Amino acid sequence: MTDNLVIVESPAKAKTIEKFLGKDFTVKSSFGHIRDLSKKNFGIDIENGYQPQYIISEDKKKVVEELKKAAKKASLVWLASDEDREGEAIAWHLYDALELKPEKVRRIVFHEITREAILHAVANPRPINMELVNAQQARRVLDRLVGFELSPVLWKKVKPSLSAGRVQSVAVRLLVEREREILAFKTTSSFRVAALFGITGKGDEKNTFRAELSERFPERSKALNFLKKCSGAVYEVSDITTRPSKKSPSPPFTTSTLQQDAGRKLGFSVAQTMAIAQRLYESGKITYMRTDSLNLSASVLKSTAGVIKSEYGENYLNTRKYKTKSKGAQEAHEAIRPTDMESRTEGSSANEQRLYELIWKRTLASQMSDARLEKTTVTINISGASEKFIASGEVMMFDGFLRVYMESDDEEQEEQTGSLLPPLKTGDRPGAEKITATERFTQHPPRYTEASLVKKLEELGIGRPSTFAPTISTIQNRGYVEKEDRPGKPREYRVIGLDANGGITEETLTETAGSEKAKLFPNDIGIVVNDFLMDHFNDILDYNFTATVEKDFDNIASGKLSWPVMIDRFYNPFHKKVEETIETSERNKGERLLGADPESGRNVFVKIGRFGPMAQIGDSDTDEKPKFAALRKDQRLETITLEEALELFRLPRKLGEYEDKEVAAGIGRFGPYVRHDNKFVSLKKDDDSPYTIELDRAIELIEEKRRAEREKVIREFDSPEGLALLKGRWGPYISYGGKNYKIPKNVDPVELSAEQCLEIIRENKSRPAKRKTAPRKKQPKK
DNA sequence: CAGTGAGCGAGCTTCCGCTTGACTT
């Protein structure tokens, strides 16, 4: 009898595979990597050929112990981690850390979780590929060296606790450069002319259609001139062309395209998409969600074809194989697809169901026929003018995959394409019922969304499916960038109209322009860090840096290059540059002199202070103490004006006294407030402004808050002092000694005695705080 | 939790890529 232990990376995968392999096989999971570089001394012995110092990660000790035990009992251990660089390294780390005997080990790989694939893998074991493992070690060591040498430079030269790395720093660079492009963008306007034509058909019915002028007019006067020429003109159809066109479906989902489409169609953030996909994966509804592969297994191609044939008919079927084109793809899995195409809906929550449906449709559509269209273009001449009107129509001849799925665009399109045209022939003379020239504006390049940034990174070959979402979170958590909505501003535009009787009208209308939803904006600290890194480490921030080192990793993987040699070539000049920068470069606080304060004549400037971007009046080294004020969230060091900076110093404003204590109004981290007796009351957004609020109104708000505080109290105990039952946002809780404690669900808070409260507090405290990584504090402790 | 903006400088922060977990203040 043989006891076989199979080790895969994911527990959900383990469960599925166990079913295929039968009784002789136990399948366990390593939960990803089990070892990593120690954090002490870089975890790398730089003097000794960059020898890595691996340790078993704290949260993996239990896993490794269990695997060790299981391996001892087994006669054969099958290492079945993914067949890519990281997977090969996991296999080797397992081999090493579990102290397995070579004759007891088999390395197997499969690219899809199907019975055939797994049985085939078991029949074809191979040795661990040490060259591939070495490529991973080089990748790991390089990232550690870059991250752990660069970040401390930032601590010294910009601000403590900042971070830099091969991936995150490029992500920030993309955002900073795009923001500067947008700032530098000069909007211009031009007049777009559209006409509504009418023509009488055979049966005397009146048909109308729209056409657009082939050119735009940069100035109002030219547009007006044109309309005047049109007054009383005759229009004649001079040409009609019809040509066929087709649309093809998108390939099945990878991690990045799923994040993009779920963002556009369902409004999910990339983190949300991944969390929901994870649940679908764990319940066995979809295949693995961190993948860059477009491949679909033979069995799913067959079942998909079956669904298409029975639901839509044979002519909707077009079985296709897709090839990955993204740089650095490693194809360890399939594309993201339903495990069972026969199942139309799955998921235990509304969001899971919506995401599942999206995946199902995309998978199905990828195997369907092209949509066939017929595009008609009609050219209309104008008597007395050389410009031409163009009307275009689109007729769907065969809907094909569009029956189930259409990928959305990032840019919201302004004009609706292809409508239906009435029957027309050359020589027809339609009448113009109305012609309008509308002022339109050029648009700055779009800001990135989370998903479009992921798309860009993937195009550059930077980052992996497993890190896209975490990277997006990291750059936000570090304060480099922020996801925000911006309301947009009213903008006037002009419309000139010509009616059927030749009358010309002109009006000015208002639209909202520049509104943004869930876009990524770089913050000042992100901009300053980026500028600093670009100044001193532009080679690391180069968009091709990753692609270049990936070539080296490939050469290591194919045995043409030794990994310590590669690292050495990189590290020597890099480390020199780091030391040089520490020694010679100026501190970079993004300081900018705005001008002189008209009241005192002292310098007014902005810079990044200990608590973020701020404005300052007066230099620090003069006798008179400088004055400080924090920048508002929507202000940037780069763009703030002297006037705007001076405005900041009008707060906090003293309003007067109440109960012998001062009342003042200001704007803090959480918005506008009134302060009294060291207590803060938030101002209501639309009703009050800290710049204008009066004492009477402030007292009203203070009293209102006091009333609310009183109503919060369910019961106050006399002893011990400070023990109280309070009502909060999440229901009743116990407050004691400045801390809050949760009340167990099955307890009625009104009945609690002081004794019972203290008992609950003791229980709460005895529970260990299990959080592995403390949440980052925005403010340093006082 | 919001107001600050400095030090004789303790001790800390940080990377990317695999995985899932246990919290509801």
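Protein chains get the first letters and strands the later ones, always in sequence-line order, with residue 1 at the start of each. Bear in mind that the values here come from a model prediction, so they are computed numbers and not experimental data.
Note on Tyr288(A): only backbone sugar-phosphate atoms sit closer than 4.0 angstrom, heavy atoms only; bases stay farther off. At the heavy-atom level, Pro11(A) lies under 4.0 Å from the strands shown only through sugar-phosphate atoms. Residue Val167(A) is in sugar-phosphate contact alone, with no base atom involved, counting any heavy-atom pair closer than 4.0 Å across all strands shown.
Closest to the side chain of Gln278(A), out of dT19(B), dC15(B), dT20(B), is dT20(B). Proximity note for Glu282(A) (side chain, C-beta onward) versus dG21(B), dC15(B), dG5(B): the nearest is dG21(B). In this structure, the nucleotide among dG17(B), dT19(B), dC15(B) sitting nearest to the side chain of Phe148(A) is dC15(B). Among the nucleotides dC18(B), dC16(B), dA2(B), the one closest to the side chain of Arg464(A) is dC18(B).
Distance, Leu154(A) CG to dC15(B) P: 11 Å, rounded to whole Å. Taking atom CG of residue Leu37(A) and atom P of nucleotide dC18(B), one finds them 15 Å apart after rounding to whole Å. Between the P atom of dC18(B) and the CD atom of Gln137(A) lies a distance of 15 Å, rounded to the nearest Å. One can place NZ of Lys654(A) at 17 Å from P of dG3(B), the figure rounded to the nearest angstrom. Between the P atom of dG17(B) and the CE atom of Met274(A) lies a distance of 14 Å, rounded to the nearest Å. Atom-to-atom, NZ of Lys13(A) to P of dT19(B) comes out at 8 Å; the value is rounded to the nearest Å. To the nearest angstrom, C1' of dT20(B) lies 9 Å from CE of Met289(A). Protein atom CD1 of Ile7(A) is 15 Å distant from nucleotide atom P of dT19(B), rounded to whole Å.
Dashed line: the shortest gap from a side-chain N or O of Arg478(A) to OP1 or OP2 of dC15(B) is under 4.0 Å. Remark: Arg290(A) is not in phosphate contact with dG17(B), judged by side-chain N or O atoms under 4.0 Å from OP1 or OP2. Taking only side-chain nitrogens and oxygens, Ser466(A) never comes nearer than 4.0 Å to OP1 or OP2 of dG17(B). In terms of phosphate contacts, Gln168(A) brings a side-chain nitrogen or oxygen within less than 4.0 Å of OP1 or OP2 of dC16(B). Note on Ser163(A): a side-chain N or O is less than 4.0 Å away from OP1 or OP2 of dC15(B). The side chain of Lys625(A) places an N or O atom within less than 4.0 Å of a non-bridging phosphate oxygen (OP1 or OP2) of dG5(B).
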Exercise. Which is it for Arg139(A) and Glu550(A) under the salt bridge (Lys or Arg N to Asp or Glu O under 4.0 Å) test, yes or no, and what are the steps along the way?
Worked result: CA-CA 8 Å; Arg139(A) 199 280 303 156; Glu550(A) 280 291 342; over 6 Å; no

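A salt bridge links Asp677(A) with Lys661(A): the closest approach of a Lys/Arg side-chain nitrogen to an acidic carboxylate oxygen falls below 4.0 angstrom. We find that Arg279(A) and Glu282(A) are not joined by a salt bridge, their nearest charged nitrogen and carboxylate oxygen being 4.0 Å or further apart. Using a 4.0 Å cut-off between a side-chain N of Lys or Arg and a carboxylate O of Asp or Glu, Asp619(A) and Arg602(A) do not qualify as a salt bridge. With salt bridges taken as basic N to acidic carboxylate O contacts below 4.0 Å, one links Arg35(A) and Asp96(A).
The cationic group of Arg107(A) does not satisfy the cation-pi geometry with Trp92(A), failing either the under 6.0 Å distance to the six-membered ring centre or the 45° limit from the ring axis.
Centre separation under 5.5 Å together with a plane angle under 30° does not hold for the ring of Phe680(A) and the six-membered base ring of dC1(B), so they are not marked as stacked.
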